[in-house]
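The structure under discussion appears below in the form of structure tokens.
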Amino acid sequence: MASVRQVQVTFDCAAPERLARFWCEVLGYVVPPPPEGFATWDDYSGSLPPEERDSWFACVDPSGVGPRLFFQRVPEGKTAKNRVHLDVRVGTGLVGEERLAALEAECARLVPLGAVRVQLLYDGHDSCIVMQDIEGNEFCLD
């Protein structure tokens, strides 16, 4: 049995490039270069039939360690809680007030980017902040 070498996480969304650029800011990801033969992504998009323009966008971990994130336009809007979500691991190894402070600092950085704070889960030792991205997809600061 062959082992999996790479994973891509795909988001259904309304505005692929906008959402991809949001997640670039959250995770420190970058937009990969446009396809060969095109100087910019706008040049590439302009070469497509109108119905295919702006239908997808992607971002990647510049270190090559994290999964590629792929964003595809779909006609329907989000109607329920995500069944899968990303955990942004900013408090790894921290506990109590130190962990909470790290999560709160990251939350404060993300809200001006368009993220929404939903709920703090804190039991005095462990903590997590539930957030939403700019299209309402849930994610956690962990």
Side-chain angles (χ1 to χ4, degrees), residues 1-48 51-142:
M1 177 189 249
S3 62
V4 175
R5 301 282 185 222
Q6 294 182 350
V7 170
Q8 171 176 284
V9 179
T10 300
F11 289 75
D12 290 349
C13 60
E17 183 174 353
R18 182 172 176 252
L19 191 55
R21 291 189 184 279
F22 168 84
W23 281 103
C24 281
E25 291 294 323
V26 172
L27 300 175
Y29 272 38
V30 297
V31 174
E36 191 171 324
F38 296 94
T40 67
W41 279 103
D42 285 340
D43 291 344
Y44 172 74
S45 182
S47 75
L48 298 173
E51 65 276 4
E52 292 180 28
R53 292 181 189 154
D54 305 317
S55 64
W56 65 271
F57 211 79
C59 60
V60 296
D61 178 353
S63 72
V65 175
R68 178 179 191 243
L69 301 183
F70 185 80
F71 303 86
Q72 60 188 8
R73 186 179 63 220
V74 296
E76 66 277 358
K78 183 176 179 306
T79 59
K81 183 180 182 303
N82 301 10
R83 297 282 309 244
V84 174
H85 68 266
L86 299 182
D87 285 344
V88 179
R89 310 286 322 268
V90 297
T92 303
L94 304 175
V95 295
E97 293 297 320
E98 186 179 20
R99 178 181 173 83
L100 183 58
L103 299 181
E104 291 290 0
E106 184 66 359
C107 181
R109 183 181 79 85
L110 299 181
V111 167
L113 299 176
V116 175
R117 179 189 182 116
V118 175
Q119 179 181 18
L120 169 66
L121 304 172
Y122 182 53
D123 65 7
H125 177 61
D126 200 11
S127 53
C128 171
I129 299 176
V130 180
M131 307 278 296
Q132 289 179 335
D133 71 16
I134 59 176
E135 287 202 8
N137 300 301
E138 295 86 7
F139 68 97
C140 291
L141 298 180
D142 175 40

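What you see is a predicted model, and the numbers here were worked out from it, not measured in a lab.
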- Query: Rounded to the nearest 0.5 Å, how far apart are OG of Ser45 and CZ of Phe57?
  - Reply: 9.0 Å

- Note on the structure: Output for pair (Glu106 CD, Met131 CE), nearest 0.5 Å, gives 8.5 Å

- Glu138 CD to Gln119 CD distance, which is reported to the nearest 0.5 Å: 11.0 Å

- Message: Please find the pair of heavy atoms, one from Pro32 and one from Ala58, that lie closest to each other, and give the distance.
- Response: CD-O, 3.5 Å

- ring pair (Phe, Tyr, Trp, His ring centres under 6.0 Å) partners of Tyr122, counting only residues at least two apart: none

- Query: Are Arg117 and Glu104 ion-paired here, with the side-chain N under 4.0 Å from a carboxylate O?
  - Reply: yes

- Taking the side chain as every heavy atom from C-beta outward, state whether Leu110 and Leu141 have any pair of such atoms under 4.5 Å apart. yes

- Task: Hey, could you give me the SG/CG distance between Cys128 and Leu121, rounded to the nearest 0.5 Å?
- Result: 5.0 Å

- Message: As an exercise, state the distance from CG of Leu94 to CG of Leu103, rounded to the nearest 0.5 Å.
- Response: 8.0 Å

Only distances under 3.5 Å count here; give the side-chain donor-acceptor pairs of residues 62-69 to other protein atoms, sequence neighbours excluded, each with its distance to 0.1 Å.
unit_1: Ser63; atom_1: OG; unit_2: Asp61; atom_2: OD1; d: 2.8
unit_1: Ser63; atom_1: OG; unit_2: Asp61; atom_2: OD2; d: 3.0
unit_1: Ser63; atom_1: OG; unit_2: Val65; atom_2: N; d: 3.3
unit_1: Arg68; atom_1: NH1; unit_2: Gln8; atom_2: OE1; d: 2.5

- Item | Min side-chain heavy-atom separation Pro33-Trp41 under 4.5 Å | no

- Take atom CD of Glu51 as the centre, draw a 6.0 Å sphere, and report whether it contains more than 12 heavy atoms from other residues, nucleotides or ligands. yes

- Which atom names give the shortest non-hydrogen contact between Ala14 and Arg73, and what distance separates them? O-CG, 3.6 Å

- Task: Take Val84 and Val9 through the side-chain contact (heavy atoms from CB on, under 4.5 Å) test and state the conclusion after the steps.
- Result: CA-CA 10 Å; Val84 174; Val9 179; over 6 Å; no

Show which side-chain atoms of residues 18-27 pair as donor or acceptor with protein atoms under 3.5 Å away, not counting sequence neighbours.
unit_1: Arg21; atom_1: NE; unit_2: Glu17; atom_2: OE2; d: 2.8
unit_1: Arg21; atom_1: NH2; unit_2: Glu17; atom_2: OE2; d: 3.1
unit_1: Trp23; atom_1: NE1; unit_2: Asp133; atom_2: OD2; d: 3.1

- Correct closest heavy-atom pair for Glu52 and Leu48 would be O-CD1, 3.9 Å

- Query: So, do Phe71 and Phe11 have ring centers that fall under 6.0 Å from each other?
  - Reply: yes

- Query: Counting only heavy atoms not in Glu76, do more than 12 fall under 6.0 Å of its CD?
  - Reply: yes

- Rounding to 0.5 Å, atoms CZ (Phe70) and SG (Cys13) come to a distance of 9.0 Å

- Item | Residues Gln72 and Asp12: side-chain donor-acceptor under 3.5 angstrom | yes

- Which salt bridge (charged side-chain N to carboxylate O under 4.0 Å, His left out) pairs, counting each pair once, include a residue from residues 121-131, with sequence neighbours left out? Arg99-Asp126

- Item | Non-neighbouring partners of Glu135 that pass salt bridge (charged side-chain N to carboxylate O under 4.0 Å, His left out), sequence neighbours left out | none

- Quick one: salt bridge (charged side-chain N to carboxylate O under 4.0 Å, His left out) partners of Arg83, sequence neighbours excluded? none

- May I ask you to decide if Phe38's main-chain N or O and Asp43's side chain share a donor-acceptor pair within less than 3.5 Å? no

